[in-house]
Student: 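Structure incoming, see below.
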Number of protein chains: 2
Amino acid sequence: MSGKCEQCIVRQFNSLKALTKEELIRISDCKTSRMVKKGEVLFDEGEHINGVYCIRSGVCKVSKMSDNGRDQIVHLIKKGDLIGERSLINNEASNLKAIAVNDMEVCFIPKEEILKDLESNTSFTMEVLKNMAMSLKNADNVIVDMAQKTVKQRLALTLLYLEERFINLEEGNIDIHLSREDIANIIGTATESAIRLLSEFKKKKLIELKGKQIAVVDKKGLREIAEGF
Amino acid sequence: MSGKCEQCIVRQFNSLKALTKEELIRISDCKTSRMVKKGEVLFDEGEHINGVYCIRSGVCKVSKMSDNGRDQIVHLIKKGDLIGERSLINNEASNLKAIAVNDMEVCFIPKEEILKDLESNTSFTMEVLKNMAMSLKNADNVIVDMAQKTVKQRLALTLLYLEERFINLEEGNIDIHLSREDIANIIGTATESAIRLLSEFKKKKLIELKGKQIAVVDKKGLREIAEGF
DNA sequence: CGATTGCTTGACCCCCATCAATCCTCGTGG
DNA sequence: CCACGAGGATTGATGGGGGTCAAGCAATCG
């Protein structure tokens, strides 16, 4: 069922592109592939992942449960992304939960193999390091936005982000089906608040709601809102 | 004025501990030391740092300006910490500003030297990687807290954090002089709100305010507040 | 076609941002 | 040595954002 890593296009999008052909063949031999259906849990908080997932297709939401019982979504992972490096590197159980937003195909590479390459292939390690540095910078930005911006601003930011990462070029829609609750859990607010603001944005012709799909119409308008008029 | 890295205790606290004696001597020869007075800027947003700072003494607050004109403090850096790795690794200008909270003594190690060691010393690279992974996990937690917790909860968390990292064992105080505005800028709220909550905590005997110093009295009580009663 | 789940809107109220006024605490210079 | 000014700390008043509860509506599914 699973193909060969050497021929897999997906790896061009992540750190694995720094591996040599030999390393890829070795990885290919020990990896396992797996389908994850929409709504299924890829891994849960507290679980030892013991490896890295490489996403071949589909999208998953990565969240953490807060004390108040609400899930906060901290990442959206899609085709070409790696996930699980952090827990692997500091050798801890995952502090995050990953749930498929639509059907996914993922490859699992066991810990030892990745560690072997991290030890021996410097340019691979540097790639991983670069990715982490980017994620870290990104996380700092999110912290600032969460701390300083209103819910309305955060929704505008989130829509722009979703448009950028998940646009369907043919239809102009945001091409993942997130529930209103999911959206609320990205921006960190109550579902009702998110809904109300969405309909406000719609009224102002900033977005369109085609059935359940969301399409960004006025990027500039959203950007202005996100930055505070 | 500056000592030798090989003999510097501070490096035990950060990734530099993974360097060999020879590497340390080389670093020692090309590093520069510098005093930064309270309130002075170590580096600013948009600045190319071109190296890494190793903090020998003192504390600095690392912040990012939000669109609304308020500084959000995202890190507090103290003795033994390294800062600047991220910008170095992805070769970008800093997106953060660092200001000394009290007088500091810092060593600056130029970019090329660090990169040289990253390329050649795997265990050093892995140390850096581990640190990043930890920071990243931490950042995710902060995002969740910012998104989901009330200002009161965030203040309780912040006080516990400050107590843990900056306690003065003799006096039981939190041993850095942060202004009320600084504290507000950590939790992401207005100065007045922070002040009001501090005096509420004092009334409930959770903390004591000795002059400008803050001392945590009832950790358990604060923890309960932080988790939502 | 019930029934469960998700979406939407209304009503209510509390938290918190904002503006304003006062007090406190220094450092500085007369 | 004291007076004064400036910046920080504190408290009060006020209004709006957004969380929560509740009810009605649409959609999906066995």
Side-chain angles (χ1 to χ4, degrees), chain A residues 37-39 61 66-73 99 101-102 144-158 174 176-203 207-214 225-226 228-229, chain B residues 37-39 61 66-72 99 101-102 145-158 174 176-203 207-214 225-226 228-229:
Chain A
K37 286 219 157 309
K38 172 176 171 173
K61 54 184 179 185
S66 175
D67 294 324
N68 68 9
R70 239 215 293 284
D71 250 346
Q72 175 68 31
I73 297 179
I99 295 186
V101 169
N102 47 32
V144 175
D145 290 338
M146 286 293 179
Q148 301 279 358
K149 300 208 180 244
T150 65
V151 170
K152 190 189 287 191
Q153 291 177 301
R154 270 140 57 190
L155 177 59
L157 282 175
T158 300
I174 290 170
I176 41 174
H177 177 51
L178 294 172
S179 68
R180 306 296 145 131
E181 192 184 359
D182 286 335
I183 294 177
N185 289 347
I186 295 175
I187 66 185
T189 188
T191 309
E192 298 95 322
S193 302
I195 290 177
R196 254 180 270 266
L197 288 169
L198 278 174
S199 74
E200 184 188 326
F201 284 1
K202 180 188 174 179
K203 216 168 278 171
I207 60 175
E208 269 174 30
L209 303 177
K210 316 176 185 173
K212 307 217 149 178
Q213 297 296 328
I214 300 176
I225 287 181
F229 323 121
Chain B
K37 285 217 159 310
K38 173 177 171 171
K61 53 184 180 187
S66 175
D67 295 324
N68 68 9
R70 241 215 290 284
D71 249 347
Q72 176 67 32
I99 296 185
V101 169
N102 47 33
D145 290 338
M146 285 294 179
Q148 301 279 357
K149 300 207 181 246
T150 65
V151 170
K152 189 189 288 190
Q153 290 177 300
R154 271 139 56 191
L155 176 59
L157 281 175
T158 300
I174 290 170
I176 41 174
H177 177 52
L178 294 172
S179 69
R180 306 295 146 134
E181 193 185 356
D182 286 334
I183 293 177
N185 289 347
I186 295 175
I187 66 185
T189 188
T191 310
E192 299 93 323
S193 303
I195 290 177
R196 254 179 268 267
L197 288 170
L198 278 175
S199 73
E200 184 187 327
F201 284 1
K202 181 187 173 180
K203 218 167 274 172
I207 60 174
E208 270 173 29
L209 303 176
K210 316 176 185 173
K212 306 214 153 180
Q213 297 296 329
I214 300 175
I225 287 181
F229 322 121

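Residue numbers begin at 1 in each chain, while the letters A, B, ... track the order of the sequences. Predicted model only: the values in this text are computed from it and were never measured.
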Student: For the residue pair Gly188(A) and Gln72(A), what are the closest heavy atoms and their distance?
Tutor: CA-OE1, 3.5 Å
Student: Report yes if a donor N or O on one partner sits less than 3.5 Å from an acceptor N or O on the other, where the partners are the side chain of Arg196(A) and the base of dG17(D); otherwise report no.
Tutor: no
Student: Which nucleotide of DNA chain C is the first, and which the last, in the 5' to 3' direction, to come under 4.0 Å of a heavy atom belonging to chain A?
Tutor: dC7(C) to dA11(C)
Student: Ile195(B) side chain: which of dA22(D), dG19(D), dA9(D) is closest?
Tutor: dA9(D)
Student: Please give me the minimum heavy-atom distance between Arg154(B) and Ile187(B), naming the atom from each residue.
Tutor: NH2-O, 2.7 Å
Student: If you measure from the Lys or Arg side-chain nitrogens to the Asp or Glu carboxylate oxygens, is any gap between Arg180(B) and Glu192(B) under 4.0 Å?
Tutor: no
Student: So, is Thr150(A) close to the dG17(D) phosphate, meaning a side-chain N or O under 4.0 Å from OP1 or OP2?
Tutor: no
Student: Let me know the distance between CG of Leu209(B) and C1' of dT11(D), rounded to the nearest Å.
Tutor: 15 Å
Student: Which whole-number value in Å describes the distance from Arg180(B) CZ to dT11(D) C1'?
Tutor: 14 Å
Student: In whole angstrom, give the distance that lies between atom CD1 of Ile187(A) and atom P of dG17(D).
Tutor: 15 Å
Student: Glu192(A) CD to dC21(D) C1': how many Å, rounded?
Tutor: 9 Å
Student: Within the side chain of Gln153(B), is there an N or O that forms a donor-acceptor pair under 3.5 Å with the backbone of Thr150(B)?
Tutor: yes
Student: Just call it for Arg154(A): base, sugar-phosphate, or nothing, with non-hydrogen atoms closer than 4.0 Å on any strand.
Tutor: nothing
Student: Determine to 10° how strongly the helix from dC1(C)-dG30(D) to dG30(C)-dC1(D) is bent, judged from the axes of its five-pair ends.
Tutor: 30°
Student: Using atom NZ of Lys212(B) as one end and atom P of dG8(D) as the other, report the distance to the nearest whole Å.
Tutor: 9 Å
Student: Between Ser199(B) and dT11(D), is there a contact of a side-chain N or O with OP1 or OP2 at under 4.0 Å?
Tutor: yes
Student: Can you measure Lys38(B) atom NZ to dG8(D) atom P for me and round it to whole angstrom units?
Tutor: 10 Å
Student: Within the 4.5 Å heavy-atom criterion, are Ile73(A) and Leu178(A) side-chain neighbours or not?
Tutor: no
Student: Rounded to whole Å, please give me the gap between CD in Gln153(A) and P in dG17(D).
Tutor: 12 Å
Student: Does the salt bridge (Lys or Arg N to Asp or Glu O under 4.0 Å) test come out yes or no for Lys149(A) and Asp67(B), once each step is laid out?
Tutor: CA-CA 9 Å; Lys149(A) 300 208 180 244; Asp67(B) 295 324; 2.5 Å; yes
Student: Do His177(A) and Val101(A) pass the side-chain contact (heavy atoms from CB on, under 4.5 Å) test, and can you show the C-alpha distance, the side-chain angles, and the key distance before you say yes or no?
Tutor: CA-CA 7 Å; His177(A) 177 51; Val101(A) 169; 5.5 Å; no
Student: Rounded to whole Å, please give me the gap between CD in Glu200(A) and C1' in dG17(D).
Tutor: 11 Å
Student: Using only atom types and a distance under 3.5 Å, with no angle test, would you say the side chain of Ser179(A) pairs donor to acceptor with the backbone of Asp182(A)?
Tutor: yes
Student: Between Glu181(B) and Thr191(B), which heavy-atom pair has the shortest distance, and what is it?
Tutor: CG-OG1, 3.7 Å
Student: Remember a base hit wins even if backbone is also touched, and classify Thr189(B) as base, sugar-phosphate or nothing at under 4.0 Å, heavy atoms.
Tutor: sugar-phosphate
